[in-house]
Amino acid sequence: MRHLIDIMDLSVAEIEDMIAVATDIVEHPEKYREACKYKKLATLFFEPSTRTRLSFEAAMLELGGQVLGFSEASSSSASKGESVSDTAAIVSGYADIIAMRHPKEGAPRVAAAKSDVPIINAGDGGHYHPTQTLTDLFTIRREKGSFENLTVGLCGDLKFGRTVHSLIAAMSRYSGINFVLISPPELKVPSYVKSKYIKEKGIPYRQTTSLDECIGDLDVLYMTRVQKERFFNEEDYLRLRDSYILTPEKMKMAKDDMIVLHPLPRVNEIATEVDDDPRAAYFRQAKNGKFIRMALILKLLEVGNEN
Ligand code: CP
């Protein structure tokens with residue numbers, strides 16, 4: 001039995017296989033309509049979500065399966081003090097696979113130790129968000145054709161933005177990648193991420209506080225929201241929240257084939273006027289999330305590998 005806690009739990013070859021399956025699902029959805037008949041997905045969301053929870057649920061429904069779960073801790077027995085590991089042990093008796101989001105870093109790994117079914121980390125605190133990374137990789141492949149030789153700019157809250165940490169880890173395995181880390185000094189990439197996935201691998205990178213200074217060099221611009229829910233004081237959040245706002249004027253400085261990604265939700269960091277720019281790929285990215293999560297469910301349930 002496999003879990004997905006960290007994107008590095010998957011090899012590059014496995015990610016390639018999943019991208020191929022997701023592409024086939026986009027092109028031939030009818031082939032998959034009964035693939036998970038009689039299977040159940042439980043979504044245990046101790047933190048708010050729109051895209052991740054609903055795309056997981058849509059994914060299972062489109063595979064012919066069923067869904068159950070909760071969307072806030074207050075409607076579960078966590079509010080009475082039940083532990084994550086007890087919750088996982090119980091729900092693994094009701095469902096065939098579990099997607100879990102939790103505010104505490106490491107909670108999905110604790111759940112996996114007690115679960116009889118695969119656990120998928122759907123975001124754990126400021127740590128990792130591996131299925132967002134699968135979504136990001138699938139989108140980059142569809143938009144750019146390849147992961148090789150890209151200059152990837154990551155902009156905004158690189159400290160608390162868990163999607164950034166997982167994406168850096170995943171992209172560090174491809175050749176010719178260059179990272180540009182764009183953030184205020186207070187919201188830099190944590191040193192454990194930078195050391196393990198950039199410095200130790202000798203990947204070229206630069207850090208800057210200025211988006212204007214580097215936007216013209218980028219093939220991919222990954223914007224992120226300043227993560228209000230992870231700040232200890234509101235004053236710091238208010239000071240930093242509008243550090244970067246991508247506008248049509250800034251887009252004029254970018255390459256004609258640069259793409260803009262954002263895990264969403266956005267607050268102010270991308271002006272809505274950018275949405276009509278063909279390089280704005282973030283709504284396509286959110287839609288891709290359903291297809292790659294369908295491929296992930298098939299993989300973890302070993303559907304199609306029965307012989
Ligand atoms: N990208 C993402 O995780 O969105 P949600 O918080 O809406 O799930």
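Atoms within each ligand, like the ligands themselves, are counted from 1 in listed order. Along the sequence shown, residues carry numbers from 1.
Both tests pass for Arg293 against the ring of Phe56: distance under 6.0 Å to the centre and angle within 45° of the axis.
Smallest separation of non-hydrogen atoms from Pro263 and Met223: CD-O, 3.3 Å.
A perpendicular orientation is assigned to the rings of Phe46 and Phe70, their planes being inclined by more than 60° (bins at 30° and 60°). Below 30°, between 30° and 60°, or above 60°: for Tyr192 and Tyr128 the angle between ring planes is above 60°, a perpendicular geometry.
Of the polar atoms of Ser49, at least one N or O is found under 3.5 Å from an N or O of ligand 1, judged by distance alone. Remark: ligand 1 and Pro263 share an N or O pair separated by less than 3.5 Å (distance only, no angle test).
Of the candidates Gln285, Arg51, Arg101, the one placing a heavy atom closest to atom 6 (O) of ligand 1 is Arg101.
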Would Arg141 and Thr23 count as a side chain to side chain contact (heavy atoms under 4.5 Å, CB included) if you check the C-alpha gap in whole Å, the side-chain angles of each, and the deciding distance to 0.1 Å?
CA-CA 10 Å; Arg141 173 59 65 77; Thr23 304; over 6 Å; no

Can you list the steps and then say if Thr131 with Ile292 is a side chain to side chain contact (heavy atoms under 4.5 Å, CB included)?
CA-CA 8 Å; Thr131 68; Ile292 199 74; over 6 Å; no

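Applying the 4.0 Å criterion to heavy atoms of Thr50 picks out, from ligand 1, the atoms 5 (P), 7 (O), 8 (O). The ligand atoms of ligand 1 that sit less than 4.0 angstrom from a heavy atom of Leu264 are 1 (N), 2 (C), 4 (O). Within the listing of ligand 1, atoms 2 (C), 3 (O), 4 (O), 5 (P), 8 (O) sit less than 4.0 angstrom from a heavy atom of Thr52. For ligand 1 and Gln132, the ligand atoms under 4.0 Å from any heavy atom of the residue are 1 (N), 2 (C).
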